[in-house]
Amino acid sequence: MTDTLRTPPPTAAAQHRRPFTLDPDRWEADYARALRTGHVRDHTCTAECEPVLVYERTRWGWLAWTVPGDDTPPEQPHQIGVLTPTASRMQRLSLRWLTRHPAHRIPLAPTVPGSLRLSAAAVALISLLAGLFAMGHGVPVEAALPGMVLAPLLTEHLPRQLDARAREYFRSVEGDGSCRYLQRLAALHTFLVQAAAGSDRHELRRAAEIGQHLLWDAAGLLHTQDTRSATADRIARERLMVQLADQAAQSLKRTHTEDGPADADQPGWHERSLGPYPPGFEQTAQPASRRTPGTPPLKGFHPMPQTQPDQAVRAADVYLLFAHEPYYPGPGTQEINTTVVAAGSLLHPRVCQPDGVRIHDLLTQGRQPGEIIPLSTLTHELNGGADWPAVGDWERVTTDLVRLVHFGDCDALSLGLPGIARPLVCTGPHSHVRVYDAAADEFIDYGPAARAAALAEVGAFLASLVTEQDLWPGDGLLAPLARRP
């Protein structure tokens with residue numbers, strides 16, 4: 001397998017966005033049954049409502065969908081269950097038991113609270129008739145009566161015991177945020193499972209196994225989502241799942257391609273991964289209360305606007321991308337040579353000040369929300385770097401930012417940009433990088449389009465990962481410069 005990292009394959013992105021993506025007729029049938037037998041989701045729902053759930057079984061677990069009252073398929077599951085990666089064949093059969101249709105229940109007398117399973121009532125009637133018949137043919141009462149009593153009791157209570165035993169092999173999550181996150185991972189894992197099922201390649205089967213473990217671990221982490229360490233672990237797991245899905249897509253593409261590698265028409269910098277987990281995500285992180293609540297998700301890379309900085313207001317959610325001296329976060333890891341931080345990290349008191357505040361002002365003036373600005377772009381805007389002394393010492397500032405990332409004092413995306421990608425982001429938006437190809441005995445020119453493609457890939461990768469919580473800039477930030485008129 002190649003070690004390329006891109007955005008999720010289109011086929012993976014389409015999985016589980018609606019109920020029964022691959023079998024729409026199944027949804028129509030279950031929707032019609034829900035209208036007849038249960039409470040659907042509509043404007044009359046209250047917190048006490050227990051709407052009927054439609055279970056979509058998969059090889060890795062299930063998705064439980066509510067049934068809206070307006071005939072519109074839901075966009076988000078109500079519940080997601082994940083099967084343990086070490087499940088036996090019998091434990092896998094418990095999936096069908098847990099996702100069976102709900103039992104029909106008969107209300108008791110108006111003065112008696114509760115209800116009785118229809119099956120228990122039927123068994124009670126049958127056991128009564130069978131007991132009377134047995135006693136009429138000479139069976140002692142003390143032998144027939146226990147069976148008449150125990151049969152309906154077992155029918156009523158035994159399913160609950162079986163449910164509790166079966167749930168030991170599953171992890172289920174509910175809630176909007178948790179289900180949105182696990183829904184994205186489930187879509188990627190379903191793609192891996194489908195790719196492995198239709199191929200005999202070992203790497204595809206191994207990717208599906210890893211994906212099941214990631215999904216299982218992520219479901220466990222969602223029970224501790226109030227901690228920043230869990231949030232960081234979830235980001236790391238989603239990043240790995242994206243990488244697995246991309247590798248599987250490239251492996252499938254090469255299998256069906258006769259004219260060489262699938263990436264033969266791409267620049268050479270696609271041949272390596274963007275890098276391992278960010279160092280801050282692998283360490284024990286700070287409490288969740290340090291994050292700013294309500295921060296919008298990362299929106300990815302946007303083209304540089306034409307508005308001049310001194311004529312525009314400051315934009316929020318801007319990110320600084322800068323290259324630095326390569327380092328290795330741990331034994332056996334790939335090098336880290338580029339970092340992306342939130343603009344607010346420039347206001348950290350442990351960054352060289354007031355240089356960081358001035359660079360923050362330059363970075364955020366006249367930008368689009370979610371825009372990723374390379375340091376080389378700022379150099380271009382400062383008359384090719386001639387005006388940097390009037391702004392600040394960018395070398396000290398970036399060194400301090402890397403130190404913050406090392407000590408976990410701010411969130412960052414640490415990358416190992418390969419090949420030509422790193423030189424491209426280190427040059428201005430209108431510069432060219434020429435690379436000599438010894439095999440072809442010619443120079444290959446990479447210009448603004450290749451640079452934009454490199455930034456777009458980084459932006460798309462960030463957007464696929466940081467969807468619930470933006471990068472944490474740190475604590476005790478200084479105030480930005482006053483907005484210019």
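- Taking all atoms of both residues into account, the shortest heavy-atom contact from W216 to V82 is CZ3-O, 3.4 Å.
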Tell me, with the steps shown, if L188 and L244 meet side chain to side chain contact (heavy atoms under 4.5 Å, CB included). CA-CA 8 Å; L188 295 169; L244 287 173; over 6 Å; no

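- Between I80 and W60 there is a side-chain heavy-atom pair separated by less than 4.5 Å.
- We find the CG-CG distance between L320 and L471 to be 11.5 Å, quoted to the nearest 0.5 Å.
- Side-chain contact check for T339 versus L413: every heavy-atom pair is 4.5 Å or farther apart.
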Decide yes or no on side chain to side chain contact (heavy atoms under 4.5 Å, CB included) for Y181 and V173, but give the supporting numbers first. CA-CA 10 Å; Y181 169 77; V173 299; over 6 Å; no

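- Minimum interatomic distance between A195 and L204 (heavy atoms only, all atoms of both residues): O-CD1, 3.8 Å.
- The backbone N or O of L95 sits less than 3.5 Å from a side-chain atom of T99, completing a donor-acceptor pair.
- You'll find the side chain of V425 reaches within 4.5 Å of the side chain of L455, heavy atoms only.
- Closest approach of A343 to L363, counting heavy atoms only: CB-CD2, 3.5 Å.
- Looking at every heavy atom in both residues, A197 comes nearest to R59 through CB-NH1, 3.3 Å.
- Here the closest heavy-atom approach between residue L185 and residue A218 is recorded as CD2-CB, 3.7 Å.
- Paired with E209 under the rule side-chain hydrogen bond (donor to acceptor under 3.5 Å, both in side chains), one option of Q212, H213, R206 passes, and it is R206.
- Residue S172 holds its OG atom at 4.5 Å from CD of Q79, rounded to the nearest 0.5 Å.
- For the pair Y169 and S94, the minimum side-chain heavy-atom distance is below 4.5 Å.
- Atom CG in L401 sits 6.5 Å away from atom SG in C410 (nearest 0.5 Å).
- The backbone N or O of F20 sits less than 3.5 Å from a side-chain atom of E56, completing a donor-acceptor pair.
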I372 and V318: CA distance, side-chain angles, deciding distance, side chain to side chain contact (heavy atoms under 4.5 Å, CB included) verdict: CA-CA 6 Å; I372 299 176; V318 177; over 6 Å; no

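- You'll find the ring centres of Y55 and W65 outside the 6.0 Å limit.
- Looking at I336 and H324, their side chains come closer than 4.5 Å, going by heavy atoms from C-beta outward.
- At least one donor-acceptor pair closer than 3.5 Å links the side chain of T21 to the backbone N or O of R18.
- In this structure a side-chain-to-backbone donor-acceptor pair under 3.5 Å is missing from D317 to P369.
- With contacts defined as side-chain heavy-atom distances shorter than 4.5 Å, the pair F170/L98 qualifies.
- The environment of CZ in R350 is crowded: more than 12 heavy-atom neighbours from other residues, nucleotides or ligands sit within 6.0 Å.
- The heavy-atom pair separating L192 from A248 by the smallest distance is CD2-CB, 3.7 Å.
- Atom-to-atom distance recorded for H78:NE2 and T66:OG1 is 7.5 Å, nearest 0.5 angstrom.
- Residue H16 holds its NE2 atom at 6.0 Å from OG1 of T58, rounded to the nearest 0.5 Å.
- Remark: side-chain polar atoms of Q183 are paired, donor with acceptor, to backbone N or O of E75 under 3.5 angstrom.
- The structure places CD of E174 at 12.0 Å from CG of L182, a figure rounded to the nearest 0.5 Å.
- The main-chain N or O of W472 is found under 3.5 Å from a side-chain atom of D411 such that the two form a donor-acceptor pair.
- With T84 contributing its side chain and A87 its backbone, the two residues share no donor-acceptor pair below 3.5 Å.
- R171 contributes no side-chain N or O that, together with a main-chain N or O of A219, makes up a donor-acceptor pair within less than 3.5 Å.
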Pair Y319, D470 - check side-chain hydrogen bond (donor to acceptor under 3.5 Å, both in side chains), show working. CA-CA 11 Å; Y319 305 89; D470 203 354; 2.6 Å; yes

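- In this structure, L375 and L321 have side chains that are not in contact, with every pair of non-hydrogen atoms separated by 4.5 Å or more.
- S345 places a side-chain N or O within 3.5 Å of a backbone atom of P473 that can act as its donor or acceptor partner.
- Within the 4.5 Å cutoff, the side chain of H348 has no heavy atoms near those of the D475 side chain.
- Side chain of Q91 to backbone of S88: a donor-acceptor contact under 3.5 angstrom is found.
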